[in-house]
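As a basis for the values below, the full set of heavy atoms in this structure was taken, side chains included, without hydrogen atoms, waters or symmetry mates. Since this is a predicted model, take the numbers as computed values, not measurements. Letters A, B, ... are given to chains in the order of the sequence lines, protein chains preceding strands, and every chain is numbered from 1.
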2 protein chains.
Amino acid sequence: MFNLILSLNMEQNRYNQITITDIAKALKINPSTVSRALSDSSVVKSSTKKKIKEYAVKHNYQPNYAARSLQKKKTHTICILLPKIVVHEFFGKILLGVQREAQKHGYRCLILPTNYDLHKEINEIKNLLNGGTDGIIMSYQSDGTSDDYVNELIERKIPLVFVDIAPPNLKVSKVIIDDIHAGYMATKHLLEAGASQIACISGPRNVINLQRVQGYQKAINESKSNLNTDLIIFNEKIIEGEQLGMVCSEKLLKKYPQLDGVFATTDMLATGLIKVAKKQNLRVPEELKVIGFSNWAISMLYEPSISTVDQPGFEMGMKAAQLLFSKISATSKVSEETVIIKTKVIRRESSKVN
Amino acid sequence: MFNLILSLNMEQNRYNQITITDIAKALKINPSTVSRALSDSSVVKSSTKKKIKEYAVKHNYQPNYAARSLQKKKTHTICILLPKIVVHEFFGKILLGVQREAQKHGYRCLILPTNYDLHKEINEIKNLLNGGTDGIIMSYQSDGTSDDYVNELIERKIPLVFVDIAPPNLKVSKVIIDDIHAGYMATKHLLEAGASQIACISGPRNVINLQRVQGYQKAINESKSNLNTDLIIFNEKIIEGEQLGMVCSEKLLKKYPQLDGVFATTDMLATGLIKVAKKQNLRVPEELKVIGFSNWAISMLYEPSISTVDQPGFEMGMKAAQLLFSKISATSKVSEETVIIKTKVIRRESSKVN
DNA sequence: AGAAATAATGCAAACGTTTGTATAATAATT
DNA sequence: AATTATTATACAAACGTTTGCATTATTTCT
């Protein structure tokens, strides 16, 4: 009879999960003691602690997230806002890094794909603010016209860390690469491989691209060869990726037949470029040396394999999460920190020395 | 003075979020009425409802997830267990589909990358069981030796839906494709394109591959040409992807120079195959027609572009989520359902008619 | 042995919701 | 106008934890 009542009582519990109160009743101890025992408080006698813990593992006790969150005013959830995880393997790697780190801290990870359009997703973010998340990791994907949402996050003192791209005029924590330096190294690699007439193709004039191009310019300037600024091509975003690479390369290669090197600011631009070069019977790398950017999987698989700059996404994600957790657990305000992750040039066929 | 106390009171609240109790106090109404008003209960007078709602939006009220979860015994979180989101764009698409659907239901989405090794991650799953999640969508990535964890989920009556791959001998809900039919259609496409000596290369003998190969056999049998079972090559998992494709194609193409078509059970195998074919000066598609499987981005970008079978991941994800929510909201047990999503052959250069 | 100090446990309130039931206010009926 | 029926609100308990404080049990000291 007593058993019946007990089991009915437990039945109420979702999926038959045992609670602290259940343990307390079973052991005729107060719930508070059980709670303290389970969190290894030094205040409870080791013999009772042992008894409680044994019972807990035997009955597979798992703490109730919601109750703990409510009490502690912590969600044990952080949030990652990233654009289009689907196609973007780089962001996928960031994600893995963050998740690995979150797990260490006993945190869960919520992922929101943002489609490059944060403005529309502000409601989603607001929703997160109350009991939704303890902190946010995001990539700044704005045209810079309105940073209101970032400001709101800062005002509310939500722990916040940017990865890859950060708002340029705000004091925030961020984990980024040195795009200027990376562009510089990429271009220098082409020069060292024997190219001297080097063009640069890029997407729209956003922070990232501008910096990579700036690095390109620096390398060209150092190399005494006069930089023809016509050889820098920005492309506003109508099409993108490989298609964009094809369209802009078509003109470029026609107009400058003397070209023997191209720095593409993304790997996809590079594949488009090479496709066009082949069509025009330009041999890569013999007649045209190419380097891309990001080290996407395709750059290795393509024929010829494409030299590129490796962006260590996993490491960036881990570092970002570490920063975030230092903020979450900080008692007083912690200063904003910028971490710059090292990139390196990956040499492949597309820029082989003749 | 009163204001001070009030603001101090609200200060306690994380990130200055207003609560139902705050609204109640401010409006001198009982919290229960506020709660009912906000959930549009017909029992509260429309004038008070209006008053409450106005105050709520004005002060940007957002319900507290934890409190609601605790009370309702629902987490409003579902969980997706998927292998290696990073490289697997197909799984990325599933993810997007699930997330889209979850949002509709006011649910949040937790993603766990599983590295194809669920056994080791059972603890993670167990952790989810208590207050962790209301339901799970997963892809069955087991060698079939021990399905204990699946059984446990079923026993505990956790709403559960499989996508892409499901355990073969258990009665579960699943959203899959008809791999036999897809393999059949792919092979038939090669036959129609003019190939007659068709081989099949595949990864390890798992459920998926076996079925695709079975489809291949059916198509070959129908075509009166005698099926040479030597032309079916399984590869146990030592290396994988493109590398595997290269290694096994090398031998195959040498041994059977009369071959004029290959069905590869994944796109990555196909890229490896084509790379080798090129090296051996075999022209694709003129001398060798190739079709892959899954329609990964690379199959379109490769040169030549690779014919393949499209697996509509997004749709599969959405459907899986719909099934899951029907389970979550069901009052009584709902029967296990199998949804088969249609695939289609995508014709590209690699299988063009001469 | 008795007082004082320390250790171990129990009690109760709180976190922000929701919901069954009781009460109060209003409207409809006689 | 008094009774009943209806509608609207208030009360209180509950969800599973945690934690300051009170209480009880144990040890240490004189």
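The heavy-atom pair separating A:I20 from A:Y61 by the smallest distance is CG1-OH, 3.4 Å.
Over its length, the helix from C:dA1-D:dT30 to C:dT30-D:dA1 turns its helix axis by 50°, as judged from the five terminal pairs at each end, rounded to 10°.
Here B:Y65 does not reach the OP1 or OP2 of C:dC15: none of its side-chain N or O atoms lies under 4.0 Å away.
Interface residues of residues 29-36 of chain A facing DNA chain C, ordered by number: A:I29, A:N30, A:S32, A:T33, A:R36; criterion, heavy-atom separation under 4.0 Å. A heavy atom lying under 4.0 Å from DNA chain C marks none of the residues of residues 47-55 of chain B.
Between the CD atom of B:Q62 and the P atom of C:dT17 there is a distance of 11 Å, given to the nearest Å. Atom P of nucleotide C:dT18 and atom CG of B:D40 are separated by 13 Å, given to the nearest angstrom.
By the side chain to side chain contact (heavy atoms under 4.5 Å, CB included) test, A:I165 pairs with A:S139, A:Y140, A:Q141, A:I208, sequence neighbours left out. Applying the side chain to side chain contact (heavy atoms under 4.5 Å, CB included) rule to A:E336 yields the partners A:K171, A:S173, A:K327, A:K333; only residues at least two apart in sequence or on another chain are considered. Checked against salt bridge (charged side-chain N to carboxylate O under 4.0 Å, His left out), A:K49 has the following partners two or more places apart in sequence or in another chain: A:D40. The side chain to side chain contact (heavy atoms under 4.5 Å, CB included) search around A:Q71 returns none, not counting sequence neighbours. With sequence neighbours left out, A:F325 forms a ring pair (Phe, Tyr, Trp, His ring centres under 6.0 Å) with A:H105, A:Y107. Every residue two or more places apart in sequence or in another chain that forms a side chain to side chain contact (heavy atoms under 4.5 Å, CB included) with B:K45 is listed here: B:S47, B:T48.
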Find every protein N or O atom lying less than 3.5 Å from an N or O atom of nucleotides 22-27 of chain C, and list the pairs.
none

Side-chain donor-acceptor pairs under 3.5 Å in residues 26-38 of chain A, sequence neighbours left out?
| unit_1 | atom_1 | unit_2 | atom_2 | d |
| --- | --- | --- | --- | --- |
| A:N30 | OD1 | A:S32 | N | 2.9 |
| A:N30 | OD1 | A:S32 | OG | 2.8 |

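Side chain of A:K72, nearest nucleotide from C:dT9, D:dT18, C:dT17: D:dT18.
Contacts of A:V44 with the nucleic acid, taken as non-hydrogen atoms under 4.0 Å apart, involve only primed sugar atoms and P, OP1 or OP2.
For the ring pair (Phe, Tyr, Trp, His ring centres under 6.0 Å) condition, the pairs that include at least one residue of residues 27-56 of chain A, sequence neighbours left out, are A:Y55-A:H59.
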